[in-house]
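Have a look at the structure below before the remarks.
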Number of protein chains: 2
Amino acid sequence: MSKTTPHSPSDAEPLPPLAERIRQIVSERVAAGELDDKGQLPSERWLTDHFGLARMTVRKALWQLEAEGFIYRFHRSGWFLSPPRFFYDPTRDVSFTKAVTDQGRRAGAQVLSTRTIAAAPEIAYMLGITPRTPLLIINRLRFIDDRPVFVEVSHVIAYRCPGLADFLGTDVSMATIYERHYGIGLRRREIYLHPTALIDPHARDLRLAHGTPGLFLRRITDDTNGKPFSFDHEYWRHDALEIKINFFDRPTPPIPADPAEDVQT
Amino acid sequence: MSKTTPHSPSDAEPLPPLAERIRQIVSERVAAGELDDKGQLPSERWLTDHFGLARMTVRKALWQLEAEGFIYRFHRSGWFLSPPRFFYDPTRDVSFTKAVTDQGRRAGAQVLSTRTIAAAPEIAYMLGITPRTPLLIINRLRFIDDRPVFVEVSHVIAYRCPGLADFLGTDVSMATIYERHYGIGLRRREIYLHPTALIDPHARDLRLAHGTPGLFLRRITDDTNGKPFSFDHEYWRHDALEIKINFFDRPTPPIPADPAEDVQT
DNA sequence: AAGTGGTCTAGACCACCAC
DNA sequence: TGGTGGTCTAGACCACTTG
């Protein structure tokens, strides 16, 4: 809690890196019960004064902790302690809602927009339909415990789900809607996934600053008869998920992140 | 190529964002053949002068293009055009070397260090061995087309591969070494993977600035008899790979990244 | 209205890499 | 040794969120 001495670029630097000092302040407050899960950190200006540094210096350190997934921010409203990552098994999980609730957390959804377009040739080919067949595009924001975690853009073959747009408010789980109203079960066919920067408008929807690191996922889903059913894009916060792939049904204990000091090079 | 007018914070801003203007300069040079794959960008100071902006402003834009995967940098030596991502299928690829060469690229490896430790209880449990059994820890830097892309830390049960350290220089593929010298084939059991920041010493090994976005992967590998064999950590550059999961053997065409303007919200 | 982060300036010096 | 990015300063004003 004591004020740290200011330092100029030419000072010797025996202190731990700034990011570690900030991490420690945050950890202390958590331990003291002053900061719970998703709690707000001291402001950048407070940290600036506390450490006697320039604001850009503090911000740089915060960005590192953000890249790590330790803290996150809501655009222009503050820095917060990151909640635990959601475990996602792309080879098994077909319903986000089910996977989230199975992990004891709360899934949410908000429809951002819907519209209908004519299928472009390459999408038509992937989905096994005639080009220009109407596709329903559903743009939804998905939440875990009230934090927006990804934007989902679904391309659904419109004639297979007549009136689908009317059901969107009834249940957060699309999988449940497909099953109850149309008798359609889902299974995955193919997924691509890579880290990238999230830009507007998706960044804005997620309350992220333009250019924040994120994950981009695209996927084809079949129905249980093996017929292509939908084509989706997802834009994830980078700190919201941990991908887990288990190749057998026998459960294994989670792999520890740091079982040994393996960093020695 | 014309000099852009300087702007103050209060100027109107009809120009595209700075990142897009930089992207355009780079794209133009690529099109003109002045900049090939992995070629070096104009320096930050050149861009600063060219746009008439402060250096921090230019750097911020470069960081966004880096987060996106469009450009990357070698620590303190310059900005470069990113090569294409490597496709990695965690459900199928057991040999990095094979997967890379199958994609027409060159795989490389450099041993950073090896050492032997006594297995901690939780690792011993995962690997089905007695605690304190000797484990060989192999630290390697892996390359695609001469660019370092990840640091691999392998924990191998030492008695299953006597003399393994001596073979490390003979072949870049560990899978090949295991098969030829010990008659051991591999298959995956479980993988965890999440985005995070890469810090020293891994960042240094990869020639990345401390705190750059990356991917952290951990994995248990079995032998083909289903017996646990090794436990590995991998620290990836975030821009080097695209994860691809195909659930069936029938090949499907790659899913296009942007088949339609799906961003409307 | 007050407080937050977001952007930007116009410099300086440091650490490292390549020649 | 010269050029690169990396760090840092000490401000300023802007855009937005929150009370």
- Item | Dot-bracket notation for DNA chain C, counting Watson-Crick and G-U pairs under 3.5 Å, with | for partners on another strand | ||||||||||||||||||.
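- With sequence neighbours excluded, no residue satisfies ring-ring contact (aromatic ring centres under 6.0 Å, His included) with A:His75.
- Contacts of A:Pro83 classified as side chain to side chain contact (heavy atoms under 4.5 Å, CB included), with partners at least two apart in sequence or in another chain: A:Asp37, A:Lys38, A:Tyr72, A:Arg105, A:Arg147.
- Rounded to whole Å, the distance from CZ on B:Phe80 to C1' on D:dG3 is 13 Å.
- Note: CE (B:Met56) to C1' (C:dA12) measures 14 Å, nearest angstrom.
- Rounded to whole Å, the distance from CD on B:Gln40 to P on D:dT4 is 8 Å.
- In this structure A:Arg76 satisfies the salt bridge (Lys or Arg N to Asp or Glu O under 4.0 Å) test with no other residue, sequence neighbours excluded.
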Please list, one pair per line, the donor and acceptor atoms closer than 3.5 Å that link side chains of residues 58-65 of chain B to other protein atoms, with sequence neighbours excluded.
from: B:Arg59; atom 1: NH1; to: B:Glu44; atom 2: OE1; distance (Å): 3.0
from: B:Arg59; atom 1: NH1; to: B:Glu44; atom 2: OE2; distance (Å): 2.9

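- In this view, A:Phe70 satisfies the ring-ring contact (aromatic ring centres under 6.0 Å, His included) rule with no residue, not counting sequence neighbours.
- Rounded to an integer number of Å, the gap from CG of B:Asp200 to P of C:dA15 is 15 Å.
- For the pair B:Asp49 CG and C:dT9 P, the interatomic distance rounds to 13 Å; values are reported in whole Å.
- A:Arg55 has no side-chain polar atom (N or O) that falls below the 4.0 Å cut-off from OP1 or OP2 of D:dA12.
- Scanning atom types as modelled, one donor and one acceptor separated by under 3.5 angstrom connect the side chain of B:Arg45 and the base of D:dG5.
- Counting to the nearest Å, the C1' atom of D:dG6 and the CG atom of A:Leu53 are 16 Å from each other.
- The two atoms that bring B:Gly69 and B:Asp239 nearest to each other are CA-CB, 3.9 Å, heavy atoms only.
- For A:Ser173, the side chain to side chain contact (heavy atoms under 4.5 Å, CB included) test picks out A:Ser95, A:Thr97, A:Asp171, A:Ala175, A:Thr176, with sequence neighbours left out.
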Restricting both atoms to N or O, compile the protein contacts to nucleotides 16-19 of chain D shorter than 3.5 Å, with distance only.
from: D:dT18; atom 1: OP1; to: A:Arg207; atom 2: NH2; distance (Å): 3.1

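- At whole-Å resolution of the value, CG in B:Leu208 and P in D:dG6 are 10 Å apart.
- Within residues 59-70 of chain A, the residues having any heavy atom closer than 4.0 Å to DNA chain C are, in order of number, A:Arg59.
- In terms of the salt bridge (Lys or Arg N to Asp or Glu O under 4.0 Å) criterion, B:Asp166 has no residue partners (sequence neighbours excluded).
- Residues passing the salt bridge (Lys or Arg N to Asp or Glu O under 4.0 Å) test with A:Glu68, sequence neighbours excluded: A:Arg23.
- A ring-centre distance under 6.0 Å is not found for A:Tyr88 and A:Phe96.
- The salt bridge (Lys or Arg N to Asp or Glu O under 4.0 Å) check on A:Arg106 picks up A:Asp146, with sequence neighbours excluded.
- Straight-line distance from the CG atom of B:Leu47 to the P atom of D:dG3: 17 Å, rounded to whole Å.
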